[in-house]
Chemist: 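Handing you a structure now.
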There are 2 protein chains.
Amino acid sequence: MDDHEQTVLDDLRAHGYKVTQARRAVIRALTGSVRPLSVNELHAQAQRMNPAIGLVTIYRTVELLTHLDLIRPVHLMDNCHGYAVASPGHTHHLVCKKCHRAVEFDGCDLGLFLEQVARETGYRITGHWLELEGICARCQAADGSAPQP
Amino acid sequence: MDDHEQTVLDDLRAHGYKVTQARRAVIRALTGSVRPLSVNELHAQAQRMNPAIGLVTIYRTVELLTHLDLIRPVHLMDNCHGYAVASPGHTHHLVCKKCHRAVEFDGCDLGLFLEQVARETGYRITGHWLELEGICARCQAADGSAPQP
DNA sequence: CTCCAATTGAGAAGGTTTTTCAATTACCCG
DNA sequence: CGGGTAATTGAAAAACCTTCTCAATTGGAG
Ligand SMILES: [Zn+2]
Ligand SMILES: [Zn+2]
Ligand SMILES: [Zn+2]
Ligand SMILES: [Zn+2]
């Protein structure tokens, strides 16, 4: 068992959760993988350790581990569920947490940052996906009240 | 009909696609909305213009318009479909386009950039989501051949 | 070991997205 | 302005994906 796996298991126990076969399997699959794994891939891996493990349990395990911030969701640039009109050129969206009002902004200035990441990782960076979350002016003004439509 | 709507319609025609009721409805809904709309919301809007418009057509329309880069998907921070082990603290992922190998990196230095966006938009920015896409060292080396597992 | 709450699997229910195919529609042409 | 025609569509069904419910199982404290 690798170090990271042990750490995560200890964390689980520290929060009062049981260490079960399914949780072990999911954590092992993720600590052993160099890429993000989908719920289905995790299920397949888990079943190699114990074919009785059900898909439902993987969903529950992933939810728990995400909630404890022991694993993180990684957005893979598809399966998005909202759409907005595209302005010409390269833009990003800033979405209001309360009312979901979105603004598009351009002039993204990530050049230096990206160069540094490329140097550190050895990757050639071909694209980026940046989205910001915040509170829009109207919702800040409205404060405690209901979200503005 | 607003300007942006007309532009998008012209673009559609320019690419040799027909301008149909359903496409008009989707484009009008999006140009008229201050926030990203889901497929279902688009369907509801479209049906207000013509109750005969089916959900399937909305799917097809959204796919087409996205492909033409006339609209853009906006990731709303849920419904992600891959997971990765979390390192402590705030990190981001850089995913290889070819083999999906992912690396995590920290030290994200967006402070100044975020301040500027906040000034320009009036939003108070509470969170960000940044993911990078690239080609990993192994896949660069392998070049034309099959993706590395 | 024993016991008990936490956890699980199975199955069904509820959603979402894709496929198929005949009917309809937008638009080119005369 | 009408036809002719290929693109587009709606409906229904199939294929998926995610959540719920509940009885059976299991991990770990004592
Ligand atoms: Zn708001
Ligand atoms: Zn950018
Ligand atoms: Zn690669
Ligand atoms: Zn960051």
Side-chain angles (χ1 to χ4, degrees), chain A residues 1 5-6 8-29 36-68 70-71 73 75-83, chain B residues 1 5-6 8-29 36-68 70-71 73 75-83:
Chain A
M1 160 157 30
E5 184 178 341
Q6 188 57 61
V8 176
L9 294 181
D10 290 346
D11 244 311
L12 257 192
R13 269 188 276 257
H15 285 272
Y17 294 99
K18 293 185 178 177
V19 170
T20 65
Q21 285 196 50
R23 290 172 183 172
R24 236 181 243 284
V26 167
I27 293 164
R28 177 161 306 174
L37 299 175
S38 68
V39 171
N40 276 306
E41 288 168 321
L42 287 171
H43 185 216
Q45 285 298 313
Q47 290 208 316
R48 297 186 34 162
M49 301 183 56
N50 176 352
I53 294 175
L55 179 57
V56 186
T57 299
I58 306 297
Y59 276 102
R60 292 189 275 229
T61 301
V62 158
E63 187 190 3
L64 172 65
L65 296 177
T66 302
H67 188 255
L68 294 177
L70 296 175
I71 66 177
H75 176 61
L76 299 175
M77 313 225 177
D78 34 22
N79 289 101
C80 291
H81 295 272
Y83 295 88
Chain B
M1 160 162 25
E5 184 178 340
Q6 189 56 63
V8 175
L9 294 181
D10 291 345
D11 243 312
L12 257 191
R13 268 188 276 257
H15 284 272
Y17 295 99
K18 294 184 179 177
V19 170
T20 65
Q21 285 196 52
R23 289 172 183 171
R24 236 181 243 284
V26 166
I27 292 165
R28 177 161 306 176
L37 299 175
S38 67
V39 171
N40 277 306
E41 289 169 320
L42 287 171
H43 185 213
Q45 286 298 314
Q47 290 208 316
R48 298 185 31 158
M49 301 183 57
N50 176 352
I53 293 175
L55 179 57
V56 187
T57 300
I58 306 297
Y59 276 101
R60 292 189 275 228
T61 302
V62 158
E63 187 190 2
L64 172 65
L65 296 177
T66 303
H67 188 254
L68 295 176
L70 296 175
I71 66 177
H75 175 60
L76 298 175
M77 312 228 176
D78 33 21
N79 289 100
C80 292
H81 295 271
Y83 295 88

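Hydrogens, waters and symmetry mates are skipped; everything else that's a heavy atom, side chains included, is used. Remember, predicted model here, so these are calculated numbers, not experimental data. Note on naming: letters A, B, ... go to the chains in the order of the sequence lines (proteins, then strands), and numbering restarts at 1 for each one.
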Chemist: Nearest whole angstrom, please: distance from the C1' of dT16(C) to the NE2 of His43(B).
Modeler: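 For the pair His43(B) NE2 and dT16(C) C1', the rounded distance is 13 Å.
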Chemist: Quick one: Arg23(B) CZ to dT25(C) P, roughly how many Å, whole number?
Modeler: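 Arg23(B) atom CZ is separated from dT25(C) atom P by 15 Å.
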Chemist: Round to a whole Å and report the spacing from NE2 of His15(A) to P of dG28(D).
Modeler: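 The distance from NE2 of His15(A) to P of dG28(D) comes to 16 Å, rounded to the nearest Å.
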Chemist: Can you tell me whether the side chain of Arg13(A) and the base of dG27(D) have a donor-acceptor pair closer than 3.5 Å?
Modeler: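 Side chain to base: no pair below 3.5 Å.
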Chemist: Which of the following nucleotides, dC27(C), dG28(D), dT16(C), is nearest to the side chain of Lys18(A)?
Modeler: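 Nearest to the side chain of Lys18(A) among the choices is dG28(D).
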Chemist: May I ask you to check whether over 12 heavy atoms, not counting those of Gln21(A), lie within 6.0 Å of atom CD?
Modeler: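 Counting other residues, nucleotides and ligands, CD of Gln21(A) stays at 12 neighbours or fewer.
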Chemist: Are side-chain N/O atoms of Gln47(A) and His43(A) paired as donor and acceptor at under 3.5 Å?
Modeler: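 On atom types as modelled, these side chains qualify, holding a pair under 3.5 Å.
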Chemist: Take atom OH of Tyr59(B) and atom C1' of dG15(C), then tell me their distance rounded to the nearest Å.
Modeler: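 So the two atoms are 9 Å apart, to the nearest Å.
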Chemist: Which nucleotide in the set dC20(D), dT8(C), dA12(D) lies at the smallest distance from any side-chain heavy atom of Val56(B)?
Modeler: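 Of all the options, the side chain of Val56(B) is nearest to dA12(D).
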Chemist: Under a 4.5 Å cut-off applied to non-hydrogen side-chain atoms, are Ile27(B) and Leu12(B) in contact?
Modeler: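 Side chain of Ile27(B) against side chain of Leu12(B), heavy atoms only: contact under 4.5 Å found.
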Chemist: Roughly, in whole Å, what's the span from CG in Leu12(B) to C1' in dC27(C)?
Modeler: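 So the CG-C1' distance, Leu12(B) to dC27(C), works out to 14 Å.
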Chemist: How many Å lie between CD on Glu63(A) and C1' on dT19(D), as a whole number?
Modeler: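 About 10 Å, once rounded to whole Å.
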Chemist: Among dT21(D), dT16(C), dT9(D), which nucleotide has an atom closest to any side-chain atom of Arg60(B)?
Modeler: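 Closest of the options to the side chain of Arg60(B): dT9(D).
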Chemist: Whole angstrom is fine here: how far is it from CG in Leu55(A) over to P in dT7(C)?
Modeler: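 Rounded to whole Å, this separation is 19 Å.
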Chemist: Does Thr20(A) place a side-chain N or O at less than 4.0 Å from the phosphate oxygens OP1/OP2 of dA6(C)?
Modeler: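 So the side-chain polar atoms of Thr20(A) never come under 4.0 Å of the phosphate oxygens OP1 or OP2 of dA6(C).
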Chemist: Hey, is CZ on Arg13(B) packed in by over 12 heavy atoms from elsewhere, all under 6.0 Å?
Modeler: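 Count over threshold, so yes.
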Chemist: Grab the CG-P distance between Asn50(B) and dT9(D) for me, whole Å please.
Modeler: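 Result: 11 Å.
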